[in-house]
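Per chain, numbering begins at 1; letters A, B, ... match sequence-line order.
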Amino acid sequence: MPRLSAGARHRVRFALNGRAVEAEVEPRTTLLDTLRGPLAATGTHAGCEHGVCGACTIQVDGSMARACLMLAVQVEGASIRTVEGLAPAPDRLSVLQEAFREHHGLQCGFCTPGILMTLDAYLRDHPSPDERELREVLSGHLCRCTGYAPILRAALAAAERLREDVSHA
Amino acid sequence: MNAEAPLQANGGTAPWTGRSLPRVEDAALLTGRGRYIDDLGAPPGTLHAAILRSQHGHARIESIDATRALALPGVEAVLTRDDIQALTTSLVVGVKAPVECWPIATDRVRYMGEPVAVVVARDRYLAEDAMDLISVRYAPLPPVLDPRAALAPDAPVLHEGLRGNLASDRSFRYGDPEAAFAAAPHRVSVVIDYPRNACTPIETYGVVAEYEPGTQSYDILANFQGPFSIHAVIARALKVPGNRLRLRTPRDSGGSFGVKQGVFPYMVLMAAASRITGRPVKWIEDRLEHLAASTCATNRATQLDAAVEADGRITALAWDQIEDCGAHLRAPEPATLYRMHGNMTGAYAVRNVSIRNRVVLTNKTPTGLNRGFGGPQVYFALERLVQRIALELGLDPLEVIRRNLVPADAFPYRSATGALLDSGDYGAAMEAALRDGGHEELLRRRDSARAAGRFYGIGYAAVVEPSVSNMGYISAVLTPAERKRAGPKNGAQATATVSADPLGAISVQVASVPQGQGHRTVLAQVVADVLGLRPEEIRVTSEMDTAKDAWSIASGNYASRFAPAVAGAAHLAATRLRDKLARIAASGLNLLPEEVEFAGGRVRARGNPDNALPFARVASASHWAPGTLPPEMEGGIRETVFWTPPELTAPTEADEVNSSLCHGFIFDICAVEIDPATAGIRIDRYVTMHDCGRVLHPGMVAGQVTGGFAHALGAALYEEHAYAPDGSFQTGTFADYLVPTATEVPDLRILHHETPSPFTPLGAKGVGEGNCMSTPVCIANAVADALGLPSITLPVTPARLAEHVFPPESEPPARVRPTTRPTATGQRGLSGEGEAVVDAPPQVLWDILFNPATLQAIVPGAHSVERLTDSHFRAEVTLGVGPVRGRYVVELELAEPVPPRSVVLTGSAEGGLGSGQGSGTVTLEPTPEGGTIIRYHYDAAVGGKVAAVGGRLLDGAARVVIGQFFTALANHASGGGAKRLGLLAWLRRLLRTGGRA
């Protein structure tokens, strides 16, 4: 990694939802502020900025990460996925997104992008989760609107639907 | 217009209203295309604000020096009390008392987190850098935190204009309570301390304000939620007429639950900042600011007494409520206390009531709207009382509830304190809940658990959920004579506009400001039903703009008014539009207007669907061919309805207050088991029966109920805005303020019993707040039943139950006693000791201690050390405690010097992140080898932000910092000079010198 100096701005290059992007940032600039500011990817939200609420959860090289606890300069060369990268086309929702809509898995929607990114990563590796397991996974996210029950239903429905898609593929 | 007309059947199919349609809102929110306030971009040239806040619960501000902050390139302004007082006036206060309410600290700070200065800079990072460079000198004052203590004659006084801390004291009497108490065979009492909590939306506050000097007007965008009566408060504070304050809200809001009403003082601050800098100013609150200083529900000290007959019938209630509104009485407080005034008898038919309501001020965050608004505090007392009556009289609590419920044939029922309960059959709903909720099975479970020696309990709560607040209820805080002078206040105007554009498409605008409740979806359903269209054909906008939209003081999204009032107003506006279109179509179809119906996207003859016109053609006619309209009809079709229910009258001479229009009913059953090993509470089953009138969207009603339940669960078991005795706020992160996650919220069994409201256009009642009122007390009743406890204090944590679950603990051995303890001043106390061996004689060490240049090298994080006198030093240091790194000014005095043997160090630190004081003794003892043994011990106390967010880490951090100091001293004296120790050596040293506390 190149040497960084606090006062200077540095160019960071990485892939955001499959496209090469770059931004000029100070070393202290968080990844969250970089995504939302210069890269205009405002779907990732700031909820607590101390890593507890999970609203800013994204995927960095396939793993869940809190964008508020990462610096932009840490993701040089990485592949980042955010909620903007989930839908297969602008006018279509992914299976997971559709399940959230169907089961009223969101109200204000502010925490939702982070939850979607976690579930997207988790269901890829754990196609047959039970409810207890999903509660554990979701416990890294705070939602103040739904009481979680509809989110769990949406997640279970999405998992089932994704399994069907795989078996029919 | 015919408001009573049944909803139009939709092309022969069932109405859209009442179905769980997918939400219009969701596609954008699920794909990252939400438009919350921080997603909207900002006008070119926008500056960013950060707010420096008080680190003390109560202190006089001696000086504020922003010179160094202003010198930082990119910083445009630092606003303090003088700037705000020059440009604005005090926010209006809701009681008749000589007390002001400024959005920034003036002569003193009265709660931790109170704004002291606003820094405006090129970007937020820079603004926060500058914040660290402002030095504020405080003279701490003793704080008062408990509402009962605040009334003591010798209590510290917050506002000198008030003399004491009592802002309002009113007594009310209905029926003949004294006679009822005298005649009753039993008097049963409960004493309650209801804690502070808040619903903490995941999106924090945000404001973008712009001042236009040419027209002396303000344009403010904020994620405000109403009520828009606050618009008048802001305009007055900014000294402009209402039409010079344009207030807009974004399309999406990341939750509010009442809380975002509290953003308004920041609108005033940012408006002033824009005026001073000549640029738009944007501020987004951070989480610590939100938890510590946004707003929260009131805490309340209540005594409630009941006069009770032998069979459990309550003949009178006597309420004594002391409401704690925090440091300032901020609008619309003391509304939390009066919102429930008509409902002080809950679901029960009690005719004799006395109430004493006192409002006090304490050194805590000013309170405001929060889901449940006054209901949790009232029902916690009332439903705990009902359980106590059962216990003391040896009755089944269900029998006590049954004997007191308002009877089914009494509706609409006027309560003793003035509420007009619109509809319901409380007894039937309760019996249905017991039957369908599996109550018999729960009783069997309790029997078998208890037989096995386990702690299992069942609690109940019967609650009336008010919705659609009467804007006049708050005037009950005034005496009838004062009310007469002020003029009557009443009503709950809801507004909606439905318009047809030149292509005949329908748009809807309401003054409601949704915060996640799916208003756009429900309004599309309601309007589609009236006009015979499909919901997806209706376009609903949810942004609000006071310069362009129809609105009134009751506008906004609070008091569960959307379904009963706002959706009703949209129904009425659509109905007016439909009736006009029917007249337009009638001539073309050769019919009378009464013979026209709207269905399937067509306007047609009732009974002859072939005689029809496309809806769009009829709806567009007024634009394209106004000359063809029926006589006296104006061109352009746009209908705005201002609806207010006639039932919401002003409080009467006798202080009867119909505080809300609608009254839902809730009956909850909770079964809990307490773990004998951990004292943890497991909810075995929770049943909640709701009568919220007509259900407009079952999916959303379920969402409101499960969401409200989760909030209530947090309030019951986890959440509390905690303060240390010195006024330090202690729950400044989501690791300290514990919010339920998916692993804590159990499944909920939701039941419905529908009795439509006769007072609302659609028969709907509010449903969003009820569980916040019923659930905390229902859980408490279950826990009390499980452990046989006479009283329960929220939140019911395992720590609070431990003494009832576990056998008494023996004293821990002395050496493992914790070193943290409260100090005399109430700050968090730390103490420790340690020693180090150095290869240098005592005189060398002594000289280092008294030399600023060498001190700078050894004080951890020191930027500069300045010698004020021979023995008095001032240092600037940067220290980190856990996640919180900040700059402090440290004053250090060396006293009682015995050169070169011992010295007493006393010091204080003050910084943006907190403050501390401490003292310690250092002794230097020569060793036979020519070296020195340094021994030290210290006592310190810490308050402010570090205590709020790093409390768990403080002890360790203090030990590390102090250890670092002596390690560096030893290292320096040994000739190490500026040479840094390697990590391993450093750790080794640290272990050797670290406190053996």
Side-chain angles (χ1 to χ4, degrees), chain A residues 26 28-29 33 36-37 40-55 82-87 90-91 93-94 96-98 100-113 116 132 134-152, chain B residues 20 22-23 25-36 38-41 124-125 199-204 252-257 284 286-288 290 514-518 699-700 702-711 713 733-735 739-745 747-748 883 949:
Chain A
E26 290 179 44
R28 64 176 176 172
T29 310
D33 286 343
R36 295 183 47 79
T42 54
T44 303
H45 299 145
C48 72
E49 294 177 290
H50 54 260
V52 180
C53 82
T82 65
V83 67
E84 287 92 344
L86 287 182
D91 56 350
L93 296 179
S94 71
L96 181 63
Q97 289 167 319
E98 191 56 56
F100 267 67
R101 178 155 76 169
E102 197 178 315
H103 293 272
H104 302 287
L106 67 158
Q107 288 180 31
C108 82
F110 198 79
C111 69
T112 313
L116 292 173
R132 191 190 172 86
L134 284 172
R135 280 188 190 270
E136 283 293 332
V137 172
L138 287 169
S139 70
H141 293 268
L142 301 181
C143 168
R144 289 300 248 170
C145 292
T146 64
Y148 305 105
I151 296 177
L152 283 164
Chain B
S20 288
R23 301 197 320 165
E25 292 84 352
D26 289 355
L29 300 180
L30 285 163
T31 53
R33 284 195 289 265
R35 288 293 173 262
Y36 305 92
D38 197 27
D39 303 338
L40 296 176
R124 175 65 176 257
Y125 283 71
C199 286
T200 63
I202 303 298
E203 179 198 38
T204 57
D252 297 316
S253 169
S256 174
F257 323 108
I284 302 290
D286 72 25
R287 183 54 59 184
L288 171 61
H290 187 84
Q515 317 276 322
Q517 299 101 326
M700 287 189 208
Q704 287 298 313
V705 173
T706 52
F709 172 74
H711 271 138
L713 182 80
T733 74
F734 275 141
V739 161
T741 74
T743 49
E744 282 88 43
V745 183
D747 284 334
L748 185 59
V949 304

Inset, instruction - To the nearest 0.5 angstrom, please state how far the CD atom of A:Gln97 sits from the OG1 atom of B:Thr31. - result: 6.5 Å
Inset, instruction - Find the one option among B:Gly708, B:Pro514, B:Gly707 whose heavy-atom pairs under 4.5 Å with chain A are most numerous. - result: B:Gly707
Legend entry - Residue selection (most heavy-atom pairs with chain B, distance under 4.5 Å) from A:Glu84, A:Arg28, A:Glu136, A:Glu102: A:Arg28
Inset, instruction - Look at A:Thr29, A:Leu96, A:Asp91 and state which one has the largest set of heavy-atom pairs under 4.5 Å with chain B. - result: A:Thr29
Legend entry - Donor-acceptor contact below 3.5 Å, side chain A:Arg144 vs main chain B:Cys199: yes
Inset, instruction - Heavy-atom distances under 4.5 Å only: say whether A:Leu116 touches chain B with side chain, backbone, both or neither. - result: side chain
Inset, instruction - Please answer whether the main-chain N or O of B:Glu744 pairs with a side-chain N or O of A:Tyr148 as donor and acceptor at a distance below 3.5 Å. - result: no
Inset, instruction - Could you look at B:Gln517 and say if it's the side chain, the backbone, both or neither that has a heavy atom under 4.5 Å from chain A? - result: neither
Inset, instruction - Could you tell me whether a side-chain N or O of B:Arg287 sits under 3.5 Å from a main-chain N or O of A:Glu49, the two making a donor and an acceptor? - result: no
Inset, instruction - For the residue pair B:Leu29 and A:Thr112, establish whether any side-chain heavy-atom pair is separated by less than 4.5 Å. - result: no
Legend entry - Portion of B:Arg35 that has a non-hydrogen atom of chain A nearer than 4.5 angstrom: side chain
Inset, instruction - Locate the shortest heavy-atom distance separating B:Ala742 from A:Arg135; write the atom from each residue and the value. - result: O-NH1, 2.7 Å
Inset, instruction - Heavy-atom distances under 4.5 Å only: say whether B:Ser256 touches chain A with side chain, backbone, both or neither. - result: neither
Inset, instruction - Select one option (side chain, backbone, both, neither) describing which atoms of B:Arg33 are under 4.5 Å from chain A's heavy atoms. - result: side chain
Legend entry - Part of B:Tyr36 within contact of chain A (heavy atom distance under 4.5 Å): side chain
Legend entry - Part of B:Asp252 lying under 4.5 Å from any heavy atom of chain A: neither
Inset, instruction - Identify which part of B:Pro740 has an atom lying under 4.5 Å from any heavy atom of chain A, answering side chain, backbone, both or neither. - result: both
Legend entry - Residue list, side chain to side chain donor-acceptor pair (under 3.5 Å) with B:Asp38, at least two apart or on another chain: A:Arg36, B:Lys282
Inset, instruction - Identify which part of A:Ala40 has an atom lying under 4.5 Å from any heavy atom of chain B, answering side chain, backbone, both or neither. - result: neither
Legend entry - Option among B:Leu288, B:Asp286, B:Thr733 that satisfies the side chain to side chain contact (heavy atoms under 4.5 Å, CB included) test with A:His50: B:Thr733
Legend entry - Separation between CG of B:Asp39 and NE2 of A:His45, rounded to the nearest 0.5 Å: 5.0 Å
Legend entry - Validation row: B:Ser20, A:His104 side chains within 4.5 angstrom (heavy atoms): yes
Legend entry - Option that, when pairs with chain B are counted at under 4.5 Å, heavy atom only, ranks first among A:Leu106, A:Thr44, A:Leu93: A:Leu106
Inset, instruction - Could you tell me whether a side-chain N or O of B:Thr706 sits under 3.5 Å from a main-chain N or O of A:Thr146, the two making a donor and an acceptor? - result: yes
